[in-house]
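Shown next, in structure tokens, is the structure this report addresses.
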Amino acid sequence: MAKKILRCTVNGRQIELAVAPNQTLVQVLRDELNLTGTKVGCDMGTCGCCTVHINGKAKLSCLTLALECQGAQITTIEGLNQYELHPLQKAFAEKGGSQCGFCTPGFIMKSAALLAENPAPSREEIAAGLSGNLCRCTGYVKIYDAVEQAAQEMQRAEAPAPAPART
Amino acid sequence: MGYDYIRPASLEQALSLAAQGESALIAGGTDLLVALHKKKRPAPGRLISIRSLPELAGIRDEGARLRIGAAVPLADLLAHPAQARLPALAKALGVMGSRQIRNVATLGGTLCNASPGADAAPPLLALGAGVELAGPAGRRTLDLAEFFRGPGRTALQPGEIMTAVLVPWPGAGTQSHFLRRSRVAMDIATVSLAACFGLTNNRLSGVRLAAGAVAPVPLRLRATETFLEGKALTDETLAEAAKLARADVAPISDLRGTAWYRRELVGVFLARALRAGNGGKP
């Protein structure tokens, strides 16, 4: 089938690309744009490995036709924080929230969407928020620890600097 | 699996494209794309994307009822203040897929897919919801109970598009409950049941019951409803109602459960839903 032109923004960069109607977003990200941080696990919407942000919402790039992203703002793991590690990435590394690492980009993108909506989630809210992502290594405990730590750190960074002590 | 893709700008354009045949409609695509890419269904000539059509968007309080655009994603409906007045529906939406799926999957899509176990169907049936369909011959509305015709089959005529789901607001004092059993999280229901009713001085009124995954279509339990209307909520009533409910359904045995288990669970869920009306745990 004839290709069509897709225009969208990926990690802040304007993209213009000819894509086939049946190409999924993850295929375009990985195979055309060389953004291989986004992983393909099940390729049928079950595992969450391919989670990216489309217009700020966590969605599955394996279940999204690339052409559905006409004009959209897309963020992948590569664009989460371009110049230094995002607090989530740092926390996943420090807490051991990642073993083989295959599910990690999806977990981090979903966690980032969760924290944008709910900056101080309870342990239960973290578990519910990440229920669409599967990890076959960690048993989830360290992943939830990492998200808790990142949430605290991001809140500290957001909080206004304490007023200078009076003497 | 080569197919073309087209995104019409209006419902009118979408209808004229759909009338040409050789096409399939795509909204959220969370079921359709898996089926196409895993070759579980033949590729259509083209996909007509209806997810961004303005006529299928938005959630609106129309006074007596809530109008939900067919292409509204489940997560948007769950985030809308209206969901607080429809607790059984909200509970069902909350277990559908993952958050990533709910950000994309639409209410109209899950109904048009017509899976016997679609979680949104029993609460909508028990609420007395209708659907609005647009086609070459104009618009019509249909009771949701008339919409489902078989597994994967609906009353949609060729070229017709579901535009909205219409949910009458439950009357004051009406309670609604949703119960569901599946093997694991994010799995298709083995059995689901929704109940709407009023309970004053231990007497039932306005009873509407619906069950999923226990027949070729999600269905109202009409004989059980008729029996329960005006009855006092007693152990005897519950036992008799459970018996009738088990006769109202026609389940199959599959990998999720046997027909016997499903029939049994319909009775159990019904009793739990009604007991919840008196402060019991659903």
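So you know, we letter chains A, B, ... as the sequences are listed, proteins then strands, and number each from 1.
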One pair to check against side-chain contact (heavy atoms from CB on, under 4.5 Å): A/K59 and B/I101. What are the steps and the verdict?
CA-CA 7 Å; A/K59 296 185 178 178; B/I101 297 282; over 6 Å; no
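With a 4.5 angstrom heavy-atom cutoff, B/L32 does not touch chain A via any of its atoms. Contact annotation for B/R46: neither backbone nor side-chain heavy atoms come within less than 4.5 Å of a heavy atom of chain A. The part of A/E117 that comes within reach of chain B is its side chain, from C-beta onward, which places non-hydrogen atoms under 4.5 angstrom from that chain. Contacts of A/C50 with chain B are absent, with no heavy-atom separation under 4.5 Å from either backbone or side chain.
B/V104 is not listed as a side-chain neighbour of A/L60, based on a closest heavy-atom distance of 4.5 Å or more.
The distance from the CD atom of A/Q70 to the OH atom of B/Y5 is 7.5 Å, given to the nearest 0.5 Å. One distance of note links OG of B/S98 with CG of A/L130; it measures 11.0 Å at 0.5 Å rounding. Put simply, CD on B/Q100 and OG1 on A/T51 are 4.0 Å apart, with the number rounded to the nearest 0.5 Å.
Shortest non-hydrogen contact noted between B/R7 and A/E68 is NH1-O, 3.6 Å. In plain terms, the two heavy atoms of B/H37 and A/T24 that are nearest each other are CE1-CG2, 3.5 Å.
Counting heavy-atom neighbours within 6.0 Å of A/Q82 CD, excluding the residue itself, gives a total above 12. Other residues, nucleotides and ligands contribute only 12 or fewer heavy atoms inside 6.0 Å of the NZ atom of A/K142. The 12-atom threshold is not exceeded at CD of B/E12, counting heavy atoms of other residues, nucleotides or ligands nearer than 6.0 Å.
Proximity of a side-chain donor or acceptor of A/N22 to a complementary backbone N or O of B/Y3 within less than 3.5 Å is not detected. No donor-acceptor pair under 3.5 Å is formed between the side chain of A/K4 and the backbone N or O of B/I6.
Of the listed residues B/G28, B/S49, B/G97, B/G29, the one with more heavy-atom pairs under 4.5 angstrom with chain A than any other is B/S49. Most heavy-atom pairs under 4.5 Å with chain A: of the set B/L33, B/D4, B/T30, this distinction falls to B/D4.
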